[in-house]
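Not measured: the values here are computed from a predicted model. Start at 1 and go down the list; that is how both ligands and their atoms are numbered.
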Amino acid sequence: MGPRTAPLLPLLLALLGRPDPARAKGCDLQLVTGEWPVTLSYTTSTVPRGCSSSSSLNTRHEVHVLSVKWSKDSTVPLKVSITPGATACSRSPVLVLLCSRCFATINSQCPQLLIHTDAHLTSGTTTEKGPEPSMASSEEQLLSWAQTTYGGITSYSELRDPQWVQLRLGEDASSPLNCTPQDDFNATLHLKTEVFFHEVKGCSHSDAQSTRAAHIIHLQSEPSTPITEVNLSLSCPENHVSNQLLILQSRANFTWSLSFNKCNIQVMASGYSKIMHMVLPGELLPDTEQGLVAKAFEKNCSTIASYSSIPATTSISLEILEHESVKKRTETTTPPAPPTPPAELQPHQLLLMLKPWKCTDETMEITIIRSHLKAIKDLDIKDITLRDINCQAEKNATHFMLKSPLSHCGTLLVGRGYANNELVIKLSKGTALQSVRVAFQCEIPRELFLRLFPTAAFEVPQTELEVNKEAFLQASMWWEDHPADLQLKDCWLVAPGREPVLLVQGGEAHGAGVAVLEGPSSSHGRKIWRFRFTYAVPEGGRIPFSATLKCKAGLQNNTIFEKVLEVTVKDTWRPPNSRGLGLAAVLGITFGAFLIGALLTAGLWCIYSRTPKVPR
Ligand SMILES: *[C@@H]1O[C@H](CO)[C@@H](O)[C@H](O)[C@H]1NC(C)=O
Ligand SMILES: *[C@@H]1O[C@H](CO)[C@@H](O)[C@H](O)[C@H]1NC(C)=O
Ligand SMILES: *[C@@H]1O[C@H](CO)[C@@H](O)[C@H](O)[C@H]1NC(C)=O
Ligand SMILES: *[C@@H]1O[C@H](CO)[C@@H](O)[C@H](O)[C@H]1NC(C)=O
Ligand SMILES: *[C@@H]1O[C@H](CO)[C@@H](O)[C@H](O)[C@H]1NC(C)=O
Ligand SMILES: *[C@@H]1O[C@H](CO)[C@@H](O)[C@H](O)[C@H]1NC(C)=O
């Protein structure tokens, strides 16, 4: 489909009523035909076609046939290494390697290996080249040539775009009598290979606003596959500017063991990610091509630089290219330099993976476990602040901790339940002092929050409820779409062995000693209800150890949000606090309220709670 017709598709799909987030955004994944955005290779023992047989058991040779096909002309010599199997090198082995127009280096631990090949053998080859087979191009002709020449075939494997092949010698009496090639053949018994992946797809947002690009690896695995861990080694061009996101999709019980080489890239993985022995939990990612593309757009990418869907494997190497290096690669025929040992993870990269932030509807909390920072050698963090550098993390021997209200410390509330800020980290790495800024977005959960306070200032929440003493309950929730839609249904106080007490119903106070102090009020899409109540237990009554406060809020369409707050119940007398009206006065009024009725107290408290307070 040409670029001119592409925009018609989303329109058609929209008319057909089928939502398609990727296409609706004007990004239609196509095979990459021009310059390659990445070089991706992975190890596998499954070959596109192959077979093994026991037909060579009673002949003089074991015979392995490799037929190599290329999607693109190869510029790197193919490395073939031959290792003896259980039978050592006792029977004279034969390798038939069909690889026209290709360079190959064959390294054999069995010196008497006989090679038939049409490839150009490079100087590293350790054995003599035998006569070139009068090879025909088709699979059938190749196999019948080997069969008639040697009387049997031990294994046959077709390989597509291999970088290296490890061939293990040995024959298996339990293999079928004839070598009849099958698709997607499991050749684990004989070989392991690393193949280039040449079906990389990509697309670009038509009205691109950001320059952020995503690379996506989608690991397809059969439920039966025994593989549970994949080593991903990632390398990037020198001096590349990081505005890229790497999305790794796999089964949830998969572990991505990551090593980075000069890469400065944000990583999102489903399953677990492991960096230098540190295991981080992953996140839930969609399992479809469209879903993953939509996820990348959601993360502000405008381009899918590469999308690779590959079978389950234990090792992947991904090299992100820039146009210069793409040119270099096609101009030169020398093999790439041997991989350098993985360079270190960058501090901001680590923080983006640790995601040490957590938001509620009114607070932002940062908790960094110091031992997690050991993933970076010689890293010594001096100081962590938010965007507003007056908001500094406290530290102890094991943690860095910071808690701030969402209204402070430079936090910005962006629509749809997200709070933005930056971690500013002063660190020394080796002897160099640096300052690293990591911008982040913290999701405000769409749930009802319940908090219990000891005073009408609603300042420091607690989880203790004192009997016969006023307590202050706050229910709150972010609901930006239509705040009026959200209603508080009811709140109960439930204690074991006692009748549940209904405190609030339909947003109104219910029962003696309960008063509405505020509610609901809403600001920036956050809705707040506040109540005062007293948990009255008559003198001599049994006092439970614990209780739960349970509230429900709901939408017009009967969606219910329920929250339970566990509290411990206390029956102690505390000396009055001198702030505000004074607790003695408050208690006097409360006890009085049993006689006079709740209205008077409610009135007094309304006046008090609306009097502006001087912040501490
Ligand atoms: C391939 O066969 C081997 C045994 O020969 C087995 O252990 C392995 O699980 C198989 N692999 C796949 C992908 O089926
Ligand atoms: C998206 O990217 C653009 C340009 O890179 C940037 O200006 C914008 O702030 C980003 N938006 C978010 C939500 O990150
Ligand atoms: C991993 O999860 C899949 C289902 O997603 C399950 O079939 C498989 O048994 C699990 N493997 C292990 C090793 O737990
Ligand atoms: C991954 O790499 C590490 C070290 O490089 C190695 O010890 C481990 O065996 C590899 N795992 C797999 C599944 O290949
Ligand atoms: C540091 O503070 C955290 C959070 O309050 C706490 O869980 C941890 O036990 C503290 N560590 C030490 C060594 O005191
Ligand atoms: C009710 O409305 C909310 C938002 O308007 C929506 O997210 C939810 O799916 C709806 N629930 C039902 C059962 O329709």
Side-chain angles (χ1 to χ4, degrees), residues 19 42-54 64 85-86 154-157 166-176 179 181-195 219-230 250-251 254 310-316 354 356-358 363-374 381 384 392-404 415-417 443-448 460-461 463 477-487 489 522 525-527 552-562:
Y42 62 93
T43 57
T44 180
S45 289
T46 302
V47 295
R49 273 178 78 71
C51 54
S52 62
S53 87
S54 55
H64 298 273
T154 317
S155 79
Y156 163 71
S157 304
Q166 280 170 4
L167 184 69
R168 194 166 51 241
L169 299 178
E171 296 169 280
D172 182 11
S174 66
S175 291
C179 202
Q182 283 157 12
D183 286 344
D184 296 323
F185 178 68
N186 179 354
T188 304
L189 219 50
H190 293 291
L191 65 77
K192 188 169 171 184
T193 177
E194 179 168 346
V195 296
L219 207 60
Q220 308 286 348
S221 55
E222 308 271 321
S224 62
T225 177
I227 301 172
T228 56
E229 182 163 344
V230 57
S250 65
R251 245 174 26 202
F254 226 81
I310 61 172
T313 169
T314 54
S315 170
I316 301 176
L354 289 173
W357 44 83
K358 190 161 183 259
T363 58
M364 175 179 280
E365 266 181 77
I366 313 287
T367 309
I368 301 177
I369 299 170
R370 279 174 179 251
S371 63
H372 283 172
L373 302 170
K374 290 204 188 102
I381 295 200
I384 299 179
Q392 192 175 356
E394 289 173 26
K395 49 191 163 185
N396 65 16
T398 51
H399 291 71
F400 284 96
M401 295 150 297
L402 195 159
K403 188 167 178 176
S404 92
R416 300 255 147 222
E443 188 173 355
I444 302 169
R446 279 212 155 170
E447 56 186 68
L448 189 65
V460 183
T463 55
M477 182 167 170
W478 278 85
W479 192 260
E480 311 93 319
D481 304 348
H482 300 285
D485 240 18
L486 185 72
Q487 305 290 343
K489 303 276 184 208
S522 57
R526 178 171 177 239
K527 223 159 156 172
K552 274 190 203 147
L555 299 174
Q556 308 272 312
N557 68 8
N558 291 331
T559 304
I560 297 288
F561 302 95
E562 188 179 297

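- Cation-pi geometry between Arg370 and Phe400 is met: the NZ or CZ atom falls under 6.0 Å from the ring centre, inside 45° of the normal.
- Of the possible polar contacts, one joining the Glu480 side chain to the Gly417 backbone as a donor-acceptor pair under 3.5 Å is found.
- Of the N and O atoms on the side chains of Thr313 and Thr44, not one donor lies less than 3.5 Å from an acceptor on the other residue.
- Of the possible donor and acceptor atoms, one in the side chain of Ser54 sits under 3.5 Å from a partner among the backbone N and O of Ser175.
- The cationic group of Arg446 does not satisfy the cation-pi geometry with Trp478, failing either the under 6.0 Å distance to the six-membered ring centre or the 45° limit from the ring axis.
- The shortest heavy-atom distance from Thr225 to ligand 1 is not under 4.0 Å.
- At a 3.5 angstrom cut-off on N or O pairs, Asn186 counts as close to ligand 1.
- A donor-acceptor pair is defined here as one N or O able to donate and one able to accept, closer than 3.5 Å; no such pair exists between the side chain of Thr363 and the backbone of Ser404.
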Contacts table for ligand 6: protein N or O within a distance under 3.5 Å of ligand N or O, distances only.
from, atom 1, to, atom 2, distance (Å)
ligand 6, 2 (O), Asn557, ND2, 2.4
ligand 6, 11 (N), Asn557, ND2, 2.9
ligand 6, 11 (N), Thr559, OG1, 3.1
ligand 6, 14 (O), Asn557, ND2, 3.2

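- The contact set between ligand 5 and Met401, taken as ligand atoms under 4.0 Å from a residue heavy atom, comprises 2 (O), 3 (C), 4 (C), 5 (O).
- Side-chain atoms of Lys358 and Thr367, non-hydrogen and from C-beta on, never get closer than 4.5 Å to each other.
- With rounding to the nearest 0.5 Å, the separation of CD1 in Ile366 from CG in Leu354 is 11.5 Å.
- With ligand atoms numbered from 1 in the order given, ligand 5 contributes 1 (C), 3 (C), 8 (C) to contacts under 4.0 Å with heavy atoms of His399.
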